[in-house]
2 protein chains.
Amino acid sequence: MTHESYGAYESHGAYESRGAYESQGAYESHGPGRRAAVRRPASIKDVAAAAGVSATTVSHVLSGNRPVNEQTAARVRSVVNRLGYVPASLARSLQAGSTSVIGLLIPDISNTFFAELAKGAEDAAHDLGYGLILCNTEFDADREDRYLGMIRSRFIDGMVYASGSPPSRRRLEALMGKFPIALADEEVEGLERALIATADHEAGGRLVGEHLRALGHRRALMLTGPRALRSSVARANGFVRAFQGEVVECVGDFKEASGYRLVAERLKEGGSKEGGLDCTAVFAANDLMAFGALTALREAGLSVPQDVSVVGFDDIRAASLAHPPLTTVHQPAYDVGRTATAQLLQYVTRGEVPPASRHTLPVELKVRGSTAPPAR
Amino acid sequence: MTHESYGAYESHGAYESRGAYESQGAYESHGPGRRAAVRRPASIKDVAAAAGVSATTVSHVLSGNRPVNEQTAARVRSVVNRLGYVPASLARSLQAGSTSVIGLLIPDISNTFFAELAKGAEDAAHDLGYGLILCNTEFDADREDRYLGMIRSRFIDGMVYASGSPPSRRRLEALMGKFPIALADEEVEGLERALIATADHEAGGRLVGEHLRALGHRRALMLTGPRALRSSVARANGFVRAFQGEVVECVGDFKEASGYRLVAERLKEGGSKEGGLDCTAVFAANDLMAFGALTALREAGLSVPQDVSVVGFDDIRAASLAHPPLTTVHQPAYDVGRTATAQLLQYVTRGEVPPASRHTLPVELKVRGSTAPPAR
DNA sequence: TTGTATGCGTTATCAT
DNA sequence: ATGATAACGCATACAA
């Protein structure tokens, strides 16, 4: 399916002539409220026959790939219009050897971080005439497999991979040597030699560490993401190194519930003291977990930032709207998606598998209302 | 592309045998960091030749559509495995006449309402073995056209349409008679005779009206969505009827900026009094516009809900996290997406164009901190 | 149990 | 300027 196939023929009047559609619909109407059976859409042969030319000529009238007598062309266009003919993109793609569609695989589309990333990817794809399929995995390995199957079966020309389910690493490894794949936002352990666009996670962690240290905190609870994710490790490393204080690490899974659970459990176990957190600050490896932490703290009667400071990561939309507004690390989600996609397409369009290349995009600390100096 | 094509052959060992991949990759490696050229992937003929059977037999070994001698089958599978053969979904779909993929067209994926709707649609699609392509239009008519082209060119088997750009109505009209299309969340004026799953917008407006009236408000500013959208009109109608007070209506476009602008302008113009709003409550037709209103009010030094009450619509995630938490109408976004998709697929799988059918799903008023009795 | 021939809808190649 | 034919990769009707 080429770019043109999306709408190039509309200008020939498919939409301009309403009557044509109504009289030649691909479906037969069986009256109001009744189901209608599908009829075979017009093919290039139908057009050729009706116009008294060969299919070859029809093809060239539509593509402009070679000169056609203007009278003939006009006749063909008229028939195209009348029959409501639209070239079958499947047949085109089969012949062309590519679909002009790539995929974007993400774990959770309702996370505005990934939504922004998706916008960047979509813009980059559209700029080059490519379609973009959003593949939402919900962190589910089966779904991920299924979507990866689309590239193995060549339904799509390439894939921007922005997920993070660790078990998929081996599959990715096999795929990356055979198909155009770019990693966005997330490096995958053992796959350093790939096309990668990512935020500077380590710097983000460092900024948070410096911020909390400067406020006077000396003991913090860190809610990390899965160990298998490079970004998790990088955020934690940057934080620990810059904070230079005591850090209690708990492993979460980037979901709000896990942030809630980890903090609630720690509050119940009582740290070392009177049922408190035993930490003056919480750094969650993403905003969602930070929100979970916020909820757990509120339920325990602790107020933020008076009793405990909380910091997130990502700067999703809800972060600035939260109560209190969440101090967090802003990731250039849109740029990550755009960069990764642009990089990928550079190779897809040339029928090449991408070489290793890393783009690290800068992050920014957004200091808001959820952080303050420790109580005492 | 059938459901099975996504991964049915993986169990034959494509992934289980790493060595096979490495020695038979579809790309030729040119050493670390160098670009690699694409090589033609193995086709069914390659497998047939290598296994010493016909392509027909290979096809049947893989599909199970007819019995094959177990020894032969084993030999074929071994070759499939060795060559890393995966059937080309394009060729399959061309032959089958359908792709087993449908589209979901939405205006803004970063709006969590649509993200939730998308999840419902995706779940429903996957349940029936269908893939789902997320088409994000950004309210852009060109993008919408482009995505609608996918159904006209039969790249997808059907479309769940959850957008709302009014100018597209005529295009939709022509399409709906020819291709399987379902409307989600949004009725389209003049297209009542279609497959529709929507929230009860009118009831939502009514709940808000009753709530504000019960609190004692008598004069409200209503920020509606575009007039051309049925949901906008329904929300406004329900509200006006139940509120039974004075209502000033301003037309927005469902974006945050428009909520901000409308309220800011009204504040500047001064209503009828001392630069105030001249209303004790604001009802925005969606949460995004409510957030814009919140910002404008805050900048004007007005506090919510002490000076002005604010109500939204949708109950997106940020609503409960906002400051103050936003009173809003909860829409069953997930169910709307799931219902519309399930309905659509019921007809897609049978190769029929859907009849008229309307599902109206219940909404719920979430009373939170942004509403209170009027000051005086 | 297996193979041959044909068709799906298009575009490219080679003629005319 | 136009057409006939092959090829893309697969599945199926028909034969054997």
Side-chain angles (χ1 to χ4, degrees), chain A residues 1-6 8-9 26 38 40-49 51-76 80 83 85-100 152-155 157 351, chain B residues 1-5 8-9 26 38-49 51-76 80 83 85-100 152-155 157 351:
Chain A
M1 183 175 58
T2 65
H3 177 188
E4 295 79 25
S5 73
Y6 277 146
Y9 303 131
V38 174
R40 185 180 66 78
S43 79
I44 197 170
K45 284 183 186 171
D46 300 325
V47 175
V53 296
S54 72
T56 304
T57 296
V58 175
S59 176
H60 285 116
V61 168
L62 264 28
S63 72
N65 277 355
R66 85 180 182 192
V68 176
N69 178 293
E70 189 42 50
Q71 289 208 359
T72 313
R75 188 155 31 94
V76 169
V80 164
L83 299 187
Y85 167 68
V86 178
S89 51
L90 287 179
R92 263 195 184 179
S93 298
L94 182 61
Q95 147 70 29
S98 71
T99 63
S100 287
R152 302 183 69 214
S153 69
R154 284 92 74 206
F155 191 73
D157 291 346
Chain B
M1 180 175 60
T2 65
H3 175 191
E4 296 78 24
S5 73
Y9 303 131
V38 174
R39 214 173 51 181
R40 184 180 67 79
S43 80
I44 198 171
K45 283 184 187 172
D46 300 326
V47 175
V53 297
S54 73
T56 303
T57 296
V58 175
S59 175
H60 285 116
V61 167
L62 264 28
S63 72
N65 279 356
R66 86 178 182 192
V68 176
N69 178 292
E70 189 43 50
Q71 289 209 357
T72 312
R75 190 153 32 94
V76 168
V80 164
L83 300 187
Y85 168 66
V86 178
S89 50
L90 287 179
R92 262 195 186 181
S93 299
L94 182 61
Q95 145 73 29
S98 72
T99 62
S100 288
R152 302 182 68 213
S153 69
R154 284 92 73 205
F155 191 73
D157 291 346

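Note that the structure is a prediction, hence the values are computed from the model and not measured. Reminder, nothing fancy here: chain letters follow the sequence lines and each chain counts from 1.
- Comparing B:Arg154 and B:Thr56 against DNA chain C, the residue whose closest nucleotide sits nearer the 5' end is B:Thr56.
- Of the listed nucleotides (D:dC10, C:dG3, C:dG9), D:dC10 has the atom at the smallest distance from the side chain of B:Ser43.
- The side chain of B:Ser54 places no N or O atom within less than 4.0 Å of a non-bridging phosphate oxygen (OP1 or OP2) of C:dT2.
- In terms of modelled atom types and a separation under 3.5 Å, the side chain of B:Asn65 and the main chain of B:His60 share no donor-acceptor contact.
- Taking 4.5 Å as the limit, some side-chain heavy atom of A:Arg66 sits within range of a side-chain heavy atom of A:Thr56.
- If you take CG of B:Leu94 and P of C:dT6, they are 18 Å apart, rounded to a whole angstrom.
- The backbone N or O of A:Ser153 sits less than 3.5 Å from a side-chain atom of B:Ser89, completing a donor-acceptor pair.
- Taking 4.5 Å as the limit, some side-chain heavy atom of B:Val47 sits within range of a side-chain heavy atom of B:Leu83.
- For C:dG7, the base has a donor-acceptor partner in the side chain of B:Gln95 [N/O atoms by modelled type, under 3.5 angstrom].
- Atom P of nucleotide D:dA11 and atom CG of A:Leu90 are separated by 14 Å, given to the nearest angstrom.
- Counting any heavy atom pair closer than 4.0 Å across all strands shown, A:His60 reaches no nucleic acid atom.
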**Report entry** A:Tyr85/A:Ile44 under side-chain contact (heavy atoms from CB on, under 4.5 Å): CA gap, chis, key distance, verdict
**Finding:** CA-CA 8 Å; A:Tyr85 167 68; A:Ile44 197 170; 3.5 Å; yes
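- Atom CD of A:Glu70 is surrounded by more than 12 heavy atoms from other residues, nucleotides or ligands within 6.0 Å.
- Residue A:Lys45 places its side chain closer to C:dT10 than to any other of D:dT5, D:dC8, C:dT10.
- Looking at A:Thr57, its side chain has no donor and acceptor atom pair within 3.5 Å of the base of D:dA1.
- In this structure, the side chain of A:Arg154 engages the main chain of B:Val86 through a donor-acceptor pair within 3.5 Å.
- Only B:Arg66, B:Pro67, B:Val68, B:Asn69, B:Thr72, listed by number, bring a heavy atom of residues 65-75 of chain B to less than 4.0 angstrom from any atom of DNA chain C.
- In this structure, A:Leu62 atom CG and C:dG9 atom P are separated by 16 Å, rounded to whole Å.
- Using a 4.0 Å cut-off, no side-chain N or O of B:Arg92 falls inside it from OP1 or OP2 of D:dC10.
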